[in-house]
Amino acid sequence: MEAARRTPSRRGPNERIGDWQEVYLKWDESDARKQASRCMDCGVPFCNSGCPLGNLIPDFNDFVYHGNWEEAIESLHATNNFPEFTGRICPAPCEASCTLSVNSDPVTIEMIEKQIVEHGWNEGWIKPESASNKTDKKIAVIGSGPAGLAAAQQLARVGHTVTVYERNEYIGGLLALGIPEFKLEKEVIERRLKQMRVEGVKFSVNTDVGVDITHEDLLEKFDAICLSGGSTVPRDLPVEGRDLNGVHYAMEFLTQQNRKLKGQEFSQEETIDVRSKNVVIIGGGDTGADCLGTSHRQGAANIIQMEIMPRPSETRIEENPWPQWPTIFRTSSAHEEGGDRDYNVLTKRFVGDDDGNLKRLECTRVEWVKDEETGRFNMNEIAGSEFNIEAEAVFLAMGFLHPQHEGLLDALGVDYDARGNVAANGSLQTNLEKVFACGDMQRGQSLVVHAIASGRRAARQIDIFLTGESRLPTVSGYARPPIMVGSGKND
Ligand SMILES: Cc1cc2nc3c(=O)[nH]c(=O)nc-3n(C[C@H](O)[C@H](O)[C@H](O)COP(=O)(O)OP(=O)(O)OC[C@H]3O[C@@H](n4cnc5c(N)ncnc54)[C@H](O)[C@@H]3O)c2cc1C
Ligand code: SF4
């Protein structure tokens, strides 16, 4: 009742598009304590179940309010291995379900989380937690995204020997190569990896499992395998002109930019540089927004982000009440920096010049009409609404279909669910006894917070599989259970 919601200030758009550093300015301790004081310590804290990790939000808010930062970091780490990632890039479903948001602005939970963990690092309180006893069990974790890293850290902390395999040259999965620096500076990942190395986790980069190590070797050398390879097959737009120079998947653009910032160089033919170009981003989600922010920083002349779906409403609709995640119109930091957004647009074809370079998109407007019988919305093209957009670069940011099947997964012979993700039972165990799956590879394209939750769950189940019991915690806030294919029990 005494303090209004305030988030840390963002650097001005003109300043920040001149560099790649994070957008938010730092808070001081008193700002965080004031914001934490807004938490009402509700009898039933909906924020806690809104968080897929089951973070103990009212507890850490209270610790912060009273200035007990050491207790706050302990409380945060009880449920979350990497609050420095979620405190920066989580969309914060907890805030959508905060009781205050019924009729006011929610507590700034995500920013308080970031403040606690940064305070912990600055004070030197975050130290390796090495296991006191080693077991003789060996576990291979395939993929070093947030799911694999969470699983690896949990398993190493109960004494197992863990090797994380990563086919890229950097550890971190999409945190390292997909998500831009201006959302997550990569030093933040390195700091945590140092802790994990001291805890005994081994990392093997440039190792494509299924190619550099066969699945037979894997099954023979390890007591359990944790598949956490992410959802990597992007949705394509196979219309005429798709092969023209200048039409790229979003991930080609984003990963190359992250590699450039690590000091890598690319030939002129390989380089994707949008300086002074007209850019169209197809796909209205987060990946598209990351392409937008990256295009601003590369100096694009003009940028349009297009979406085939209608523009979401400004506020919750009746069918989408609190404490559900609100599907509303959102403005990210990249949108603040410029560019236009357009909705209900279908791209019909890409048109190039005689040298095969993209010149324009031919598009048409669509409408979505509800079928009263099925309740589903069908798309109709609007006759006479065709229009062209001049562009020299297009990024396809329409999501990911499922993990890559060819190679390791097909060779192992894992079952897939109806969407093509690795099927697993309630214990995240696949149809193969010692093979478990977690993160986007099992759940489908999702969020960092879900990946960490899923990795923690998989670790506990692998520990139970190997030793018959586990002192690793259950994950209470796992919002959407995995698809059940066997008789495994949910924990
Ligand atoms: C551009 C972009 C922006 C995003 N922004 C956000 C955001 O702001 N907030 C948010 O919460 N979520 C965001 N997400 C989603 C989030 O990044 C993912 O949900 C999360 O990273 C999934 O974690 P994961 O560990 O399951 O897989 P990933 O992070 O995809 O990691 C999987 C790793 O496995 C490796 N791998 C795969 N197969 C093999 C193999 N055979 N051998 C060795 N290694 C292998 C891959 O190279 C990869 O590094 C974003 C996603 C994208 C694409
Ligand atoms: S991890 Fe995400 S959902 Fe959970 S408390 Fe932090 S910001 Fe909220």
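Numbering of ligands and ligand atoms starts at 1, following listing order.
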(request) Please round to the nearest 0.5 Å and tell me the distance separating atom SG of Cys94 and atom CD1 of Ile109. (result) 4.0 Å

(request) Check whether any side-chain N or O of Asp342 sits under 3.5 Å from a backbone N or O of Met306 as a donor-acceptor pair, and report yes or no. (result) no

(message) Closer than 4.0 Å to some heavy atom of Glu113 - which atoms of ligand 2 meet that?
(response) 1 (S), 5 (S), 6 (Fe), 7 (S)

(request) State the atoms of ligand 1, each with its element, that fall below the 4.0 Å cut-off from a heavy-atom position in Ala451. (result) 22 (C), 23 (O)

(request) For ligand 1, find out whether one of its N or O atoms is nearer than 3.5 Å to an N or O atom of Ile89. (result) yes

(message) For Leu254, which part has a heavy atom under 4.0 Å from ligand 1: side chain, backbone, both, or neither?
(response) side chain

(request) Answer with yes or no after comparing the ring centroid distance for Tyr416 and His402 against a 6.0 Å cut-off, counting only values under it. (result) no

(message) Show me which atoms of ligand 1 lie under 4.0 Å from any heavy atom of Gly230.
(response) 27 (O), 30 (O), 32 (C)

(request) Starting from atom 42 (N) of ligand 1, find the nearest protein heavy-atom neighbour and note its residue, name and distance. (result) Val209 N, 2.9 Å

(message) Heavy atoms only, cut-off 4.0 Å: how does Pro403 contact ligand 1, side chain, backbone, both, or neither?
(response) neither

(request) Could you tell me whether the side chain of Ser427 and the main chain of Gln429 form a donor-acceptor pair under 3.5 Å? (result) no

(request) Using non-hydrogen atoms of the residue, decide whether Gly210 is closer than 4.0 angstrom to ligand 1. (result) no

(request) Check whether any N, O or S atom of Glu110, backbone or side chain, sits closer than 2.8 Å to atom 6 (Fe) of ligand 2. (result) no

(message) Return the closest protein heavy atom for atom 26 (O) of ligand 1 as residue, atom name and distance.
(response) Asp440 N, 2.8 Å

(request) Would you sort out whether Trp27 and Gln35 count as a side-chain contact (heavy atoms from CB on, under 4.5 Å), showing the intermediate values? (result) CA-CA 11 Å; Trp27 252 0; Gln35 289 303 311; 3.7 Å; yes

(message) Starting from atom 15 (C) of ligand 1, what is the nearest protein heavy atom, named by residue and atom, and what distance separates them?
(response) Ser446 O, 3.2 Å

(request) Using a strict 4.0 Å cut-off to heavy atoms of Thr86, name the atoms of ligand 2 that fall inside it. (result) 1 (S)

(message) Within ligand 2, which atoms have a heavy atom of Asn55 less than 4.0 Å away?
(response) 1 (S), 4 (Fe), 5 (S), 6 (Fe)

(request) Tell me which one of Gly229, Gly444, Pro146 gets a heavy atom nearest to atom 36 (N) of ligand 1. (result) Gly229

(message) Only heavy atoms of Ile57, strictly under 4.0 Å: list the atoms of ligand 2 that pass.
(response) 5 (S)

(message) Give me the nearest non-hydrogen protein atom to atom 2 (Fe) of ligand 2 as residue plus atom name, then the distance to 0.1 Å.
(response) Cys90 SG, 2.3 Å

(request) Report the nearest protein non-hydrogen atom to atom 52 (C) of ligand 1: residue, atom name, distance rounded to 0.1 Å. (result) Thr287 OG1, 3.8 Å

(request) May I ask you to identify the nearest protein heavy atom to atom 8 (Fe) of ligand 2, giving residue, atom name and distance to one decimal place in Å? (result) Cys94 SG, 2.2 Å

(message) One thing to verify: whether Arg5 and Glu95 come together as a salt bridge, which I'm taking to mean a side-chain N less than 4.0 angstrom from a carboxylate O.
(response) yes

(request) Indicate, as side chain, backbone, both or neither, the part of Val448 found under 4.0 angstrom from ligand 1 when only non-hydrogen atoms are considered. (result) both

(request) Find all atoms of ligand 1 within a distance of less than 4.0 Å from any non-hydrogen atom belonging to Gly439, and give their numbers and elements. (result) 26 (O)

(message) Centroid separation under 6.0 Å, is that true for the rings of Tyr165 and Phe203?
(response) no

(message) Considering non-hydrogen atoms of the protein only, which is the closest contact for atom 6 (C) of ligand 1, and what is the distance?
(response) Ile179 CD1, 3.8 Å

(request) For Leu447, take its heavy atoms, then give the atoms of ligand 1 lying under 4.0 Å from any of them. (result) 10 (C), 11 (O), 12 (N), 19 (O)

(message) How long is the straight-line distance from CD1 of Ile282 back to CZ of Arg235, given to the nearest 0.5 Å?
(response) 13.5 Å

(request) Indicate yes or no: does Arg297 engage Glu337 in a salt bridge with an N to O separation below 4.0 Å. (result) yes

(request) Decide whether an N or O pair under 3.5 Å exists between Gly172 and ligand 1. (result) no

(request) List every atom of ligand 2 that sits less than 4.0 Å from any heavy atom of Val449, numbering the atoms from 1 in the order shown and giving each element. (result) 1 (S)

(message) Pairs of nitrogen or oxygen atoms closer than 3.5 Å, one from Ala147 and one from ligand 1: do any exist?
(response) yes

(message) If I take atom CG from residue Asp19 and atom CD from residue Glu181, how far apart are they, to the nearest 0.5 angstrom?
(response) 10.5 Å

(request) Please write down residue, atom name and distance for the protein heavy atom closest to atom 34 (O) of ligand 1. (result) Gly143 CA, 3.1 Å

(message) Between ligand 1 and Glu166, is the shortest N or O to N or O distance under 3.5 Å?
(response) yes

(request) Kindly indicate, with the supporting measurements, whether the criterion side-chain hydrogen bond (donor to acceptor under 3.5 Å, both in side chains) is fulfilled by Thr86 and Glu113. (result) CA-CA 8 Å; Thr86 46; Glu113 181 174 344; 2.6 Å; yes

(message) Using a 4.0 Å cut-off to any heavy atom of Gly173, which atoms of ligand 1 qualify?
(response) 29 (O), 31 (O), 48 (C), 49 (O)

(message) Considering non-hydrogen atoms of the protein only, which is the closest contact for atom 5 (N) of ligand 1, and what is the distance?
(response) Lys183 NZ, 3.3 Å

(request) Enumerate the atoms of ligand 1 whose separation from the nearest heavy atom of Phe400 is less than 4.0 angstrom. (result) 53 (C)

(request) May I ask you to identify, for Leu149, whether its side chain, its backbone, both or neither come under 4.0 Å of ligand 1 on a heavy-atom basis? (result) neither

(request) Please determine if atom 4 (Fe) of ligand 2 has an N/O/S atom from Cys51 lying under 2.8 Å away. (result) yes

(message) Between Arg167 and Gly143 (side chain of the first, backbone of the second, donor and acceptor by atom type, cut-off under 3.5 Å), is there such a pair?
(response) no

(message) Give me the residue, atom name and distance of the protein heavy atom closest to atom 44 (N) of ligand 1.
(response) Arg167 N, 3.1 Å

(message) Under a 3.5 Å distance rule, please check whether Asn258 uses its side chain to pair with a backbone N or O of Leu177 as donor and acceptor.
(response) yes

(message) Consider salt bridge (charged side-chain N to carboxylate O under 4.0 Å, His left out). Of Glu252, Glu270, Glu265, Glu169, which one does Arg259 pass it with?
(response) Glu169

(message) Can a donor-acceptor pair be found, under 3.5 Å and without considering hydrogens, that links the side chain of Glu22 to the backbone of Glu185?
(response) yes

(request) Heavy atoms only: give me the nearest Pro106-Arg38 pair and the separation to one decimal. (result) O-NH1, 3.1 Å

(request) Look at Lys183 together with Asp290 and state whether they make a salt bridge at an N to O cut-off of under 4.0 Å. (result) yes

(request) Spell out, as yes or no, whether a donor-acceptor pair under 3.5 Å connects the side chain of Lys221 to the backbone of Glu216. (result) no

